[in-house]
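Here the structure is laid out as structure tokens; the discussion comes afterwards.
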Protein chains: 2
Amino acid sequence: MTIKGKATSLDIAHLAGVSQPTVSRALRGSPMVNEETRRRVLAIAEQLNYKVDKNASSLRRQHSGTLALLLFEDPTSDESHINPFFLPMLGSITRACARHGQDLLISFQQLSHDWHADYGDSNKADGLILLGYGDYLAYQGKLRKLVEQGTLFVRWGAVLPDQPGISIGCDNVGGGRLAGAHLTELGKTRVAFLGDASSHYPEFHDRYQGCDEVLREAGHALDPALQIDAESSEDSGYAAAQALLGRGIAFDALFAASDLIAIGAMRALSERGLRIPEDVAVIGFDDIPAARIATPTLTTVFQDTTLAGELLVDTLMKQVRGEAAESMRLPTSLVVRKSTLLCSS
Amino acid sequence: MTIKGKATSLDIAHLAGVSQPTVSRALRGSPMVNEETRRRVLAIAEQLNYKVDKNASSLRRQHSGTLALLLFEDPTSDESHINPFFLPMLGSITRACARHGQDLLISFQQLSHDWHADYGDSNKADGLILLGYGDYLAYQGKLRKLVEQGTLFVRWGAVLPDQPGISIGCDNVGGGRLAGAHLTELGKTRVAFLGDASSHYPEFHDRYQGCDEVLREAGHALDPALQIDAESSEDSGYAAAQALLGRGIAFDALFAASDLIAIGAMRALSERGLRIPEDVAVIGFDDIPAARIATPTLTTVFQDTTLAGELLVDTLMKQVRGEAAESMRLPTSLVVRKSTLLCSS
DNA sequence: CTGAAAGCGCTTACAG
DNA sequence: CTGAAAGCGCTTACAG
């Protein structure tokens, strides 16, 4: 018997001398099938290189075994630049999906577009993973809509009290405190902050807050005149540092809301002839691979992206299975490198 | 009329007072449907937030509108490290898929695993995009199997004469020539090569060949004693450079088979007190973002990953539509930075 | 333990 | 231009 095209469960049924439903049961390991029948079916399936048709199966079962990852691009950034911070997260997410037996759809979206309608409703995916920074206030309405529609999702980002849906994020305030405490120990008192610290960017805002808290406790709060808006890119960090220098206000340390900002800023500082860390100590946030390559190597607040990816998937799968799930805040830690390594200390 | 759960085309049919097939036709823009009927159907569909069920549609049409991206991980490298070279390619591929109206499944695989069986047969994807370097000879058998099965695919990698299936790759020989010519112009005559130059790694092999060709023409061929195996990672590059230094053979330039290798090697050279480029000029390959961050900034051979991603998708889609498609070799260009910028030149 | 039947939600000949 | 019918390949009650 030759089979044209792909083998179906019916083909196997014929060859095994059983009904098609029995093939289906045997294949999915149902306990109500004779052990010998199962073996026979499995052998034939293997030989025919049979694979269950995903579409038919998903249609019948009314769920897809697929998760969708939506990665938001910064609309202002150059097309080809994805925040490298998300790369290991992406790796971790794909691996976690594989462990859960889920396929992963991936899509890049502009935060402003109509992504919120597309995935859940077409049954392409059972749940959504939302990744990427952006203007949170603009974002929030869409999250609310997802909740209304009954679309399951988790997002990576700041965990806020009144938030629609479930979020996994790092402890940004805690991370900011680590940075502030480290700079204080170094004897730095005039700390500048590079990054949008408004409520539109809650992650950056919390990092600012945390750092400010500690500095305040030490008696020298962050001077708002030393805060410059920047988004997470090298160019933006470079420009922000130049703007900062242009203000002509003295500072002896720089806390950047992300490593990319920090790396851009270090370039601007070096070009001005400032020594790092002697004149200005610099701390970033994220611990992307480039932090180890930069000159000087960059002290930064580490976020565990591997763990984050796993938790995103685990949490989403809980929801898919109808179990309770909740938002989580992950701890951060400080990685000290040469950009804050003073010889005197 | 309230509809429990998701709206189906039948729900719309009832509301619009037409048959369900007519709804289907109207939605997919069939020309054989009355303009007024179409408008009515579309309005209702929009109002109900209706989306065509992907599974049902794919099942019926016997293709999925989905492409699968298999990214091969280097088994020897640390879990969380994906070659950053592939990041912009990934971005470009997802965008190209969107333009073609295709969904993109993503999966990380070990080159050694049974990925070749899974995707095509289960109708999850209409075609495969294969990304990632690895031992080509081990790989080749699986490619042949894909061809036999009739699975459609394109891969990123060296374009070789006797190769199963279609490949898109850069002109590695040409890239090697650019590097060799540049070093020759600088007056360098003792060029070392870091990277596996065997036929197991055709990309690296071709880069070696191209460089060697030009040097030969200039009268000072690559000395095989100055070639050290390395795979594309910083640590491997660091170790290879140390091994090279350990050989005690003089060299005045270093061509690394990838930027990651080059960056690791520069670290080893600096630690030995060698000046770059005065003592040793260094050239990498790929032009990853880190090349601009390294100290000194790294001269390298640029591969157009954005174009590559687009061509991979375009070529695969041609195959899906049953059109002719063929392998392509993309041009490279040299990006000169400080690691080869001699004051004298 | 197994089979006959129904149905998931579409698309596409086939009639009219 | 539209509708009735069939069928894509599964899974899952329902009988036996």
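In what follows, chains carry the letters A, B, and so on, assigned in the order in which the sequence lines appear, proteins first and then strands, with residues in each chain numbered from 1.
Between B/Q20 and D/dA5 there is no side-chain N or O to OP1 or OP2 distance below 4.0 Å. The phosphate of D/dT2 (OP1 or OP2) has a side-chain N or O of B/T37 nearer than 4.0 angstrom. Taking 4.0 angstrom as the limit, A/S9 places a side-chain polar atom (N or O) nearer than this to OP1 or OP2 of D/dC10. Dashed line: the shortest gap from a side-chain N or O of A/T22 to OP1 or OP2 of C/dG3 is under 4.0 Å. Taking 4.0 angstrom as the limit, B/Y50 places a side-chain polar atom (N or O) nearer than this to OP1 or OP2 of C/dC10. At D/dG3, one or more side-chain N or O atoms of B/S19 fall inside 4.0 Å of OP1 or OP2 (strictly under the cut-off).
Between the CD1 atom in A/I12 and the CG atom in A/L42 there is a gap of 9.0 Å [rounded to 0.5 Å].
Of the possible polar contacts, none joining the B/K54 side chain to the A/N55 backbone as a donor-acceptor pair under 3.5 Å is found.
Atom CG in B/N34 sits roughly 11 Å away from atom P in D/dG3 (whole-Å rounding). The NE2 atom of B/H63 sits 13 Å away from the C1' atom of C/dT12 (whole-angstrom rounding). B/R61 places its CZ atom 15 Å from the C1' atom of C/dA13, with the value rounded to the nearest Å. The nearest whole Å value for the distance from the CZ atom in A/R40 to the C1' atom in C/dC1 is 13 Å. The nearest whole Å value for the distance from the CG atom in B/L27 to the P atom in C/dC10 is 9 Å. As a whole-Å value, the separation of A/N55 CG from C/dG7 P is 22 Å. At whole-Å resolution of the value, NE2 in A/H14 and P in C/dG3 are 12 Å apart. A straight line from CZ of B/R38 to C1' of D/dC1 spans 11 Å, rounded to a whole angstrom.
Salt bridge present: B/E35 and B/R38 bring a charged side-chain N and a carboxylate O closer than 4.0 Å.
Between A/M317 and A/L67, the closest side-chain pair of non-hydrogen atoms falls below 4.5 Å.
Along DNA chain D, the nucleotide nearest to B/V33 and the one nearest to B/L59 differ in position, and the one closer to the 5' end is contacted by B/V33. In terms of position on DNA chain C, the residue among A/Q62 and A/P31 whose nearest nucleotide sits closer to the 5' end is A/P31.
Listed nucleotides D/dT12, C/dC10, C/dT2 differ in distance to A/S24; the shortest reach to its side chain belongs to D/dT12. Residue B/M32 has its side chain nearest to D/dC1 when only D/dA13, D/dC10, D/dC1 are considered. Checking C/dA4, D/dT2, D/dG3 against the side-chain heavy atoms of A/R25 singles out C/dA4 as nearest.
C/dA15 and D/dT2 make up a base pair, with Watson-Crick or G-U wobble contacts both under 3.5 Å.
If you check the side chains of B/Q20 and B/S9, you find a donor sitting under 3.5 Å from an acceptor.
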